[in-house]
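Positions are given from 1 along the sequence.
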Amino acid sequence: MRDALRGGQRVDPDDLITRLDAVRRFLTAVDGYLPDERLVPAHTLVERAGTRLALSRDHTVVALAGATGSGKSSLFNALARLDLSPVGVRRPTTGVAHACVWGPLDGATRLLDWIGVLPRHRFIRESALDGDDESALHGLVLLDLPDFDSVQHAHRLEVDRLLGLVDLVIWVVDPQKYADRLVHTAYLREFHRHRDVTLVVLNQADRLPPAEVPRVLDDLRRLLDADGLTGVPLLATTAVDPSGSTELRASLESTVAERQASLRRLAGDVDTVVERLADLVGPEPAGTGPDAAGSRVLTDALAGAAGVPAVTTAVEAAYRHRAASATGWPLVRGWRRLRPDPLRRLHLPGPGGAGGSADELSAKPVAATSVPDPTAAQRSALGLAVRAVAERAGGDLPGPWPAAVTGAARSRLGDVPDALDRAVAGTDLDVPERPLWWRLVGALQWLVTLTAVAGLAWLVLGYALRALGLPDPDEPMVGEVPLPTLLLLGGLLAGLLVAAVTRPVVRWAARRTRLRAERRLTAAVAGVGEEHVLTPVHAVLTSYADARDALRVAAGKK
């Protein structure tokens, strides 16, 4: 039985550190997305493993754990070959942990400080009288733990704390209580992932008839197999006979020499943590984020909430208004200019607007608009669109991730109204003030109007001269029509003709301007959706992917 504890595979320290780093990366990836109570064991593992590896790799911390009356303190003294831990009949006997260190105490001091063994309960097993008798155990730190079934609750808490810190556990049971349900359900069964650093001894075997010892060991083995501890070493010991702990001592010597217990314990802890976290990640989701259909629905809802239809209607009306003011009959242009500009009524920018890049818009103030507030139906549509985006993106994720995606999608909804208003106000709607063709048509209108005015003035002058009895100048004739009359009528008809030809062109150009403004506004509100809804959702999905990959590495999968 000398190699009883050497059945497990060797643990490569670099591989173990890689797995621990993966657990740390998992915790970083899921921070803020998963319930904290699910992550406590992982945080504890990362902290404990880092400290344990930093303190000492040359020491092996072994704990003797058992119930009241199992004789673990006597076994502790028998292994140390000194009376170090108090033994008695009053229960509980062991109230605090005692430690025996083989080799110089200085190297184990920091380790025992971290474990929490008081200095007065530390003993050194180093004597010149022993010669090399104890050298095989140099590096062993043996702990005698309080009774885990103590009537004092503080003792049980101390046992649970220490069991999470030691490298190897020797469970000490006695013939009377080896089948006690507490030791199996509350302790042994919980160590099924630490088989490589678990050993069970049936102590006080001398109390059984020699023929009964194999039968009891077989029954105990059956119970251990049921606990998931198949293959765990099982020894029979007795503390009253010096040879009764020889096999156990030999097993400890091989364990100390191998220097693998601490690494195997941490590897088992990683396995346990990964198993408990496995339901938080699953297979790679079918999609990598919100799909195009969901994004379009979100953009449409944002456009409605931003008042894009009202703005584009105002853009078309503003184009017609400005075109009519620039190309219309000069005699009525002034009347048109008395009517308010539809865009300026909404406090939206004129030509050149406040357009620019996102960085430029964020660097300069943008005035608030007077676009009507969204209706209840529009707000409801936006909420449904955000919910649909979250469901499409996170519906295939396991555990609490869908809720995290939904929470991320809604996390910045409070900022959306102001962001939409800034996006609309900062969009260059590209509504021209006086393009070249407007000026040309306007100049033509002025020309025909002046022609009509000249003809009218000529006719008025002729009437005035005749009224005063003055000689009437000869009026040139164009065919049968006097030139002044032709100028007046021709100018008026030409003005009407120019207006008639220009009107459908203005309507066509106004519709094109509206469509162009709609595309720009849609892109602007889509940017708001990307920043305030889609980006947080992508962040959660990226964290999920990182967590999934990290947990695969922590599980030892390539």
Side-chain angles (χ1 to χ4, degrees), residues 310-355 370 428-520:
V311 174
T312 55
T313 299
V315 165
E316 184 174 0
Y319 188 97
R320 292 186 180 184
H321 173 79
R322 296 173 188 179
S325 299
T327 65
W329 197 26
L331 298 180
V332 297
R333 288 185 191 179
W335 173 76
R336 286 185 175 276
R337 286 173 181 155
L338 294 176
R339 298 170 60 185
D341 185 288
L343 279 180
R344 293 193 175 95
R345 185 187 304 168
L346 297 178
H347 293 150
L348 290 172
S370 295
D428 182 4
L429 301 175
D430 197 21
V431 181
E433 186 70 21
R434 290 182 64 84
L436 177 60
W437 77 271
W438 287 7
R439 293 197 293 271
L440 293 176
V441 173
L444 181 60
Q445 283 284 31
W446 273 111
L447 179 61
V448 298
T449 300
L450 290 176
T451 300
V453 169
L456 178 62
W458 198 337
L459 291 174
V460 170
L461 178 61
Y463 285 126
L465 291 176
R466 286 192 293 273
L468 295 174
L470 298 174
D472 188 5
D474 293 334
E475 294 180 349
M477 300 295 290
V478 178
E480 299 294 330
V481 182
L483 181 58
T485 303
L486 182 62
L487 292 175
L488 174 60
L489 295 178
L492 293 175
L493 291 175
L496 293 175
L497 180 60
V498 171
V501 172
T502 303
R503 189 173 295 110
V505 177
V506 169
R507 286 199 297 267
W508 174 80
R511 286 195 295 270
R512 283 180 58 87
T513 302
R514 173 177 180 165
L515 293 175
R516 189 163 55 246
E518 184 176 10
R519 286 194 296 269
R520 294 189 177 195

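What you find for Gln445 and Ala499 is that their closest heavy atoms are NE2-N, 3.8 Å. Here the shortest heavy-atom pairing between Arg520 and Asp428 reads NH1-O, 2.9 Å. Counting all heavy atoms, side chain and backbone alike, Val448 lies closest to Ala494 at CG1-CB, 3.6 Å. In plain terms, the two heavy atoms of Thr513 and Val315 that are nearest each other are CG2-CG1, 3.7 Å.
With rounding to the nearest 0.5 Å, the separation of CG in Leu456 from OG1 in Thr449 is 12.0 Å. Residue Arg503 holds its CZ atom at 10.5 Å from CZ of Arg320, rounded to the nearest 0.5 Å. Atom-to-atom distance recorded for Asp430:CG and Arg516:CZ is 4.5 Å, nearest 0.5 angstrom.
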With ring pair (Phe, Tyr, Trp, His ring centres under 6.0 Å) as the criterion, how do Tyr319 and Trp438 come out once you've worked through the C-alpha distance, each side chain's angles and the decisive distance to 0.1 Å?
CA-CA 11 Å; Tyr319 188 97; Trp438 287 7; 5.2 Å; yes
Stepwise side-chain contact (heavy atoms from CB on, under 4.5 Å) test for Trp437 and Thr502:
CA-CA 10 Å; Trp437 77 271; Thr502 303; 3.9 Å; yes
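For Arg507, there are no salt bridge (Lys or Arg N to Asp or Glu O under 4.0 Å) partners two or more places apart in sequence or in a different chain. Taking the salt bridge (Lys or Arg N to Asp or Glu O under 4.0 Å) definition, one finds that Arg514 meets it with Glu316, sequence neighbours left out.
Considering only heavy atoms from C-beta on, Leu436 comes within 4.5 Å of Leu440 through its side chain. In this structure the side chain of Val505 never reaches within 4.5 angstrom of the side chain of Val441, judged on heavy atoms. Contact of the Thr451 side chain with the Trp446 side chain is not registered, since no non-hydrogen atoms from C-beta on lie closer than 4.5 Å.
Annotation: Arg512, atom CZ; neighbour count of heavy atoms from other residues, nucleotides and ligands within 6.0 Å does not exceed 12.
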